[in-house]
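First comes the structure, then the notes that go with it.
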Amino acid sequence: MSSNSFSYNEQSGGGEATELGQEATSTISPSGAFGLFSSDLKKNEDLKQMLESNKDSAKLDAMKRIVGMIAKGKNASELFPAVVKNVASKNIELVAGSVVMAFEEVCPDRIDLIHKNYRKLCNLLVDVEEWGQVVIIHMLTRYARTQFVSPWKEGDELEDNEKNFYESDDDQKEKTDKRKKPYTMDPDHRLLIRNTKPLLQSRNAAVVMAVAQLYWHISPKSEAGIISKSLVRLLRSNREVQYIVLQNIATMSIQRKGMFEPYLKSFYVRSTDPTMIKTLKLEILTNLANEANISTLLREFQTYVKSQDKQFAAATIQTIGRCATNIVEVTDTCLNGLVCLLSNRDEIVVAESVVVIKKLLQMQPVQHGEIIKHMAKLLDSITVPVARASILWLIGENCERVPKIAPDVLRKMAKSFTSEDDLVKLQILNLGAKLYLTNSKQTKLLTQYILNLGKYDQNYDIRDRTRFIRQLIVPNEKSGALSKYAKKIFLAQKPAPLLESPFKDRDHFQLGTLSHTLNIKATGYLELSNWPEVAPDPSVRNVEVIELAKEWTPAGKAKQENSAKKFYSESEEEEDSSDSSSDSESESGSESGEQGESGEEGDSNEDSSEDSSSEQDSESGRESGLENKRTAKRNSKAKGKSDSEDGEKENEKSKTSDSSNAESSSIEDSSSDSESESESESESESRKVTQEKEKKTKQGRIPLTKDVSLLDLDDFNPVSTPVALPTPALSPSLMADLEGLNLSTSSSVISVSTPVFVPTKTHVLLHRMSGKGLAAHYFFPRQPCIFGDKMVSIQITLNNTTDQKIENIHIGEKKLPIGLKMHVFNPIDSLEPEGSITVSMGIDFCDSTQTASFQLCTKDDCFSVNIQPPVGELLLPVAMSEKDFKKEQGMLTGMNETSAVIIAAPQNFTPSVIFQKVVNIANVGAVPSGQDNINRFAAKTVHSGSLMLVTVELKEGSTAQLIINTEKTVIGSVLLRELKPVLSQG
C-alpha cells in the first residue's frame with residue numbers, strides 16, 4: 001500500500017546497484033572531479049546501451065538497475081528517453097511495468113508522453129505481469145480523468161429534477177435542452193474500461209483492487225456494480241487484504257448502497273474475525289441498512305452485543321444507535337432494546353448503552369420520562385465516567401420533567417463529588433446550576449456546597465467552571481448583564497447529535513491509496529483531476545499509419561502463410577479462437593489456480609469442464625473431419641462477431657449486477673446464431689447431425705458457464721440450497737412449522753383463519769377527471785390471493801362515466817421497487833357507457849408499505865396510478881390458543897417488541913370496542929383470553945409468514961398498554977403508530 005505509486009522493489013535490485021557502484025569506482029581516475037563525472041557518464045552510457053540492446057534480458061536488467069537508482073534517490077532523468085523507447089519493443093509486456101513505474105517516479109505529470117502509447121498499454125494490460133498491471137492501471141486512471149468527459153453528467157442531471165424557486169422559465173428551458181443532449185462515450189474511454197474488466201478475476205488482490213478503483217472513478221455509475229462481486233471475493237483472503245478491501249467498500253457503500261445490498265450476508269461478522277475486521281463489517285452493515293433489511297440486521301446485532309470482545313460489543317451498540325437515527329421506523333424499537341441492555345451484567349455494555357440512549361433521547365425527550373427515571377437509578381451501580389456524565393446531563397436537561405428525582409440525584413452526587421472523575425464533576429456543576437435556576441427552594445444550599453467544593457478542586461478546569469457558574473447564577477453587585485439570561489443560557493434547546501459514518505469524508509481520496517486508508521494526505525499523493533468540461537483532442541492518441549504498417553507486416557505475412565495451410569492450420573486456429581473467446585466470455589477466465597483456492601466447488605467445476613470437453617472431442621471424432629471444420633469455423637465466426645459487438649452491448653450488460661448471467665446469455669445468443677447459419681448453408685443430413693451436436697454442446701455449456709465462474713460462489717447467490725444455508729436459532733415461524741409435523745390430531749400452531757371483519761372502505765385509484773371519464777377504485781377483500789401465496793389480493797372496480805365506449809383497458813408499464821411483483825388482470829376489450837366491472841389483481845409488497853406504481857391504459861391514453869397498502873392489509877389472520885400465543889410472545893422480546901401507553905375514557909376500553917377498532921385497522925384474528933383485562937390478536941405477514949402478535953392490556957384508571965411482538969420490526973412500529981390514535985379516540 002502506498003500513496004499513489006506502489007512500491008516496486010525487486011529482491012535483487014539492491015545488490016545489482018552495489019555491483020554497479022563497484023564497477024564505477026574502479027574506473028575513477030586519480031585526477032579528481034573530472035574522473036568522477038566521467039565515471040557517472042560512462043555508467044549511464046552503459047545503461048543506455050543495455051536499454052537499446054536486442055536482448056530482453058539486458059533490457060530487464062537495466063530497468064531493475066534504474067529502479068534501484070531511483071529508490072536510492074539518485075537522479076535518473078537523463079535515462080528517461082531511453083526508457084520510453086522500450087514502449088515500442090516487440091515483447092513490451094516484459095518491460096512495460098518497469099517503464100511505467102519509472103515514468104511515475106520521474107515525471108508523472110507528463111501526460112503528453114502517454115498519448116501515443118495509450119491504446120497499446122490498454123491492449124497489453126492482460127499480458128503484463130501483475131505488479132506492472134497495478135502501476136499501469138493507476139497511471140491510466142489519472143490519464144482518463146484528464147482526457148475524457150465525465151460519464152456521470154447525464155445521470156446526475158436527470159436526477160436533479162427540482163426547479164429553483166426563483167429560476168426563470170428560460171433558464172429552466174436551457175437546462176432541459178442540455179439534458180436532452182445524449183452522452184457518447186469516447187471509444188478510447190470504452191477501450192480502457194473493457195480491457196480492464198477481465199482483470200477482475202486476477203489472483204492478485206492488488207490487481208483486483210486497482211481495477212475496482214478504476215471502475216469507481218472513471219466508469220458510468222450503471223457499470224460500476226460489476227466490481228462488487230470481485231471485491232466480496234477478496235474477503236476470503238488474509239486479514240490484511242480484508243482490512244484494505246473493507247475500508248474501500250465502506251466508502252463506496254455510503255454513496256451507492258445498491259452495489260453491495262445483494263451481498264449483505266457476506267459482511268456478517270464471524271467469531272474468528274479480528275476486532276478491526278469486525279468494526280469495518282459493522283460499518284458496512286450500517287451503511288446498507290434500510291427499511292427492508294433492518295429487521296434482519298437488528299437480530300444479527302443482538303447476537304453481536306453478547307460477544308466476549310467488549311470493544312466489538314460497544315461498537316455494535318453505537319451501530320444500533322446510528323440505525324435508530326437513520327431509520328425512523330425502528331427508533332422506538334432500538335431504544336427499547338438499548339434500555340433492556342441497561343440490566344446487562346457487563347458494565348462496558350451498560351455504559352455504552354447509556355451514552356447511545358442519551359443521544360437518542362435528545363431527538364424526542366418529551367416522550368421518554370420513564371427511561372430517564374430508570375437511568376437515574378443506575379447511578380448507584382455504574383462506575384464508567386462517560387456513562388455517569390451522560391446520565392447527569394440527561395437529568396439536568398430534563399430536570400423540569402423529573403422534579404422529584406433531580407434534587408435527590410444532586411444530593412447523592414454532592415456526597416461523592418471529591419472522588420468523582422473530572423468529567424463527572426463538570427456535569428455535577430452543570431446539574432447544580434440548572435436546578436438552582438429551576439428549583440431554587442430545594443437545591444439552593446446543595447448548589448452552594450458543590451460550588452464551594454469546586455472552588456478548591458485540584459483541576460483548574462473545574463475551578464474555572466465553578467467561578468463562571470457562581471457569577472452567572474448567583475446575583476450580586478458585581479454580576480454583569482449576563483446573569484439576567486442565565487436560565488436561557490443553561491436551559492437552551494441543544495441540537496440533537498448527528499451520528500455519521502467515519503468514512504463519509506474519505507471519498508475525496510483515490511480508492512486503494514495510502515491516503516484513503518489513513519484519511520490524511522500522504523507524502524507523494526497525487527490527487528485525481530476533475531473531469532474536463534470539454535474533452536481534449538482525441539487525435540493525439542492516433543499513431544501514424546506508416547508505423548502501424550511496419551509494425552504489423554510480420555503478422556500479415558504470418559496470416560498469409562497460415563491461409564496456405566488448409567486443413568490442420570484451420571483446426572489449430574479454431575482451437576485458439578475458441579479458447580480465447582471462451583476465456584473472455586467466462587467469468588473465471590484462465591485463473592484455474594484461483595478455482596483451486598475456492599475449495600471443492602472449484603474442483604468439481606474443473607471436472608465437469610473436462611468431461612464436457614472430452615465428450616465433444618469423442619463426438620467430433622465420429623463425424624467427418626471436413627464437416628466438423630466447417631461447423632467449428634462458423635461457431636468461431638459467430639463468437640468473434642459477438643466479441644466485436646461487445647462494446648456496443650456493454651451498457652446493456654452493465655445494468656444488471658450479476659455479470660455472469662449477462663455473459664451466459666451472450667453465449668446462448670452466439671450458439672443460436674451459429675445454429676441458424678448452419679441450417680442455411682449445410683445439407684439436410686449434415687444439418688441434422690450439426691443440430692444434434694450443438695444441442696448437446698448447448699446443454700453442456702449452459703451449466704458450465706454457470707458453475708465454472710470463479711465468482712459464482714454459493715454464499716453470494718441470493719438463493720442458496722437448504723443444505724448449505726447456515727440457519728440461525730429457530731425463529732417463531734420455523735418453530736411453529738416443526739410443531740405442526742407431529743402425528744397428533746391437534747391443529748398447527750399457525751393456521752390461517754377467515755377474516756373476522758372486512759372493511760368496505762375503498763380507495764381512489766384513478767379519478768374520473770384525471771382518467772378522461774374512466775374512474776377506478778380499489779379495496780382489499782382480505783382473502784388469500786389466488787395468484788400467489790405471497791401476494792395481497794386487491795379488487796379494482798372500473799367505471800365508465802362517459803357516453804362512449806372505452807376500449808382495451810389494460811395494465812401498461814410497471815414501475816415497481818426492487819422485489820415487488822404484480823399479477824395484472826386480463827385486458828378488458830370494452831366497457832360500455834355508464835358501465836362498471838370488477839377485476840382482481842395480486843401484488844407482492846414484500847412485507848412493506850412501498851408504493852406500487854404502474855399505468856392504467858386504454859386504447860388511446862395511459863394514466864399513471866399507484867397503490868400503497870395500509871400496513872394492516874399486509875397481514876393474514878391466524879387462529880391460535882392462548883398458550884401458544886404466550887409461548888410465541890416469549891420468544892419475540894427485546895428489539896422484537898414495541899409498546900405504547902394509551903389514555904382513553906373507560907367506556908372505550910370494553911372488549912367489544914377494542915375488538916372492533918383493532919380489526920378495522922388490521923386483518924388480525926382474535927385469540928381467546930382467560931383474563932378480562934387482556935385482549936389478544938394474532939396474524940402473520942403475507943410475504944414471509946412472520947407472526948404479528950398484538951396485545952391490549954387494560955391498566956388501572958383510564959390507561960392501557962398496547963404491545964406488538966414481531967420479527968418485522970418496521971411493520972410492527974408502523975402498526976403501533978396506526979393503532980395508538982384509533983384506540984385513544986372516543
Practice item. Consider only side-chain N and O atoms of N204 and S202, and report whether a donor and an acceptor are under 3.5 Å apart. Key: no
Review point. Side-chain contact, heavy-atom cut-off 4.5 Å: M252 with I227?
Key: yes
Exercise for review: Begin from the C-alpha positions of D46 and R65 and carry the test salt bridge (Lys or Arg N to Asp or Glu O under 4.0 Å) through to its verdict.
Suggested key: CA-CA 11 Å; D46 291 344; R65 293 188 181 188; over 6 Å; no
Check your understanding: So, are E223 and K197 salt-bridged, with charged N and O less than 4.0 Å apart?
Key -> no
**Study point:** R110 side chain reached by F103 side chain, heavy atoms, under 4.5 Å
**Key:** yes
**Study point:** S237 side chain to Q242 backbone, donor-acceptor under 3.5 Å
**Key:** no
**Study point:** Beyond-backbone contact of L231 with Y263, side-chain heavy atoms, under 4.5 angstrom
**Key:** no
Study note, to complete from the structure: Heavy atoms of L526 and P108 approach each other most closely as CD1-CB, 3.8 Å
Point to revise | Which atom of D186 lies closest to which atom of P538, heavy atoms considered | key: OD2-CB, 3.9 Å
Revision key, fill the gap. OG (S230) and CD (Q201) are apart, to the nearest 0.5 Å, by 6.5 Å
Practice item. Flag yes if more than 12 heavy atoms outside D112 fall under 6.0 Å of its CG atom; otherwise flag no. Key: yes
Check your understanding: Can you check whether N54's main-chain N or O pairs, donor with acceptor, with K59's side chain at less than 3.5 Å?
Key -> no
Review point. Do F260 and I249 come close enough that some side-chain heavy atom pair is under 4.5 Å?
Key: yes
Exercise for review: Using a cut-off of 6.0 Å, state whether more than 12 heavy atoms not belonging to N238 lie near its atom CG.
Suggested key: yes
Practice item. Quick one: pull up CH2 in W216 and CE in M259 and give me the separation to the nearest 0.5 Å. Key: 5.5 Å
Review point. To the nearest 0.5 Å, what is the distance between OG1 (T141) and OH (Y215)?
Key: 11.5 Å
Point to revise | For M139 against V100, the heavy-atom pair lying closest together | key: SD-CG1, 3.5 Å
Point to revise | I520 CD1: over 12 foreign heavy atoms closer than 6.0 Å | key: no
Exercise for review: Please round to the nearest 0.5 Å and tell me the distance separating atom CD of Q133 and atom CG of L140.
Suggested key: 11.5 Å
Review point. What's the spacing between T251 OG1 and D507 CG if we round to 0.5 Å?
Key: 7.5 Å
**Study point:** H508 vs L528, side chain to side chain contact (heavy atoms under 4.5 Å, CB included): CA-CA, chis, key distance, verdict
**Key:** CA-CA 9 Å; H508 60 276; L528 281 179; over 6 Å; no
Practice item. Under the side chain to side chain contact (heavy atoms under 4.5 Å, CB included) rule, what do Y118 and L192 come out as? Steps first, then yes or no, please. Key: CA-CA 9 Å; Y118 171 81; L192 176 58; 3.2 Å; yes
Check your understanding: Any idea how Y525 and F509 line up, ring-wise: parallel (<30°), tilted (30 to 60°), or perpendicular (>60°)?
Key -> perpendicular
Check your understanding: Do M185 and I193 have side-chain heavy atoms sitting under 4.5 Å apart?
Key -> yes
Point to revise | Student check: side-chain heavy atoms of E533 and V149 closer than 4.5 Å | key: no
Point to revise | Criterion side chain to side chain donor-acceptor pair (under 3.5 Å) on S501 and E283, from CA distance to verdict | key: CA-CA 7 Å; S501 169; E283 178 65 32; 2.3 Å; yes
Revision key, fill the gap. For L511 and Q213, the nearest pair of non-hydrogen atoms, with its separation, is O-CB, 3.6 Å
Revision key, fill the gap. Between P532 and T146, the two heavy atoms sitting closest are CG-O, 3.7 Å
Check your understanding: Do you know the tightest heavy-atom contact between N75 and M69?
Key -> O-CE, 4.3 Å
Review point. Taking side chain as C-beta onward, heavy atoms only, is M63 less than 4.5 Å from L51?
Key: yes
Review point. Ignoring hydrogens and geometry, is there a side-chain-to-backbone donor-acceptor pair from W531 to Q147 under 3.5 Å?
Key: no
Check your understanding: Are Q510 and R145 side-chain neighbours, meaning at least one heavy-atom pair lies under 4.5 Å?
Key -> no
Check your understanding: On the ring face of F503, is R506 found with NZ or CZ under 6.0 Å from the centre and within 45° of the axis?
Key -> yes
Exercise for review: Give, for atom CG of L235 and atom CG of L246, the distance between the pair rounded to the nearest 0.5 Å.
Suggested key: 5.0 Å
Review point. If only atom types and distance count, is the side chain of D61 paired as donor or acceptor with the main-chain N or O of S57 below 3.5 Å?
Key: no
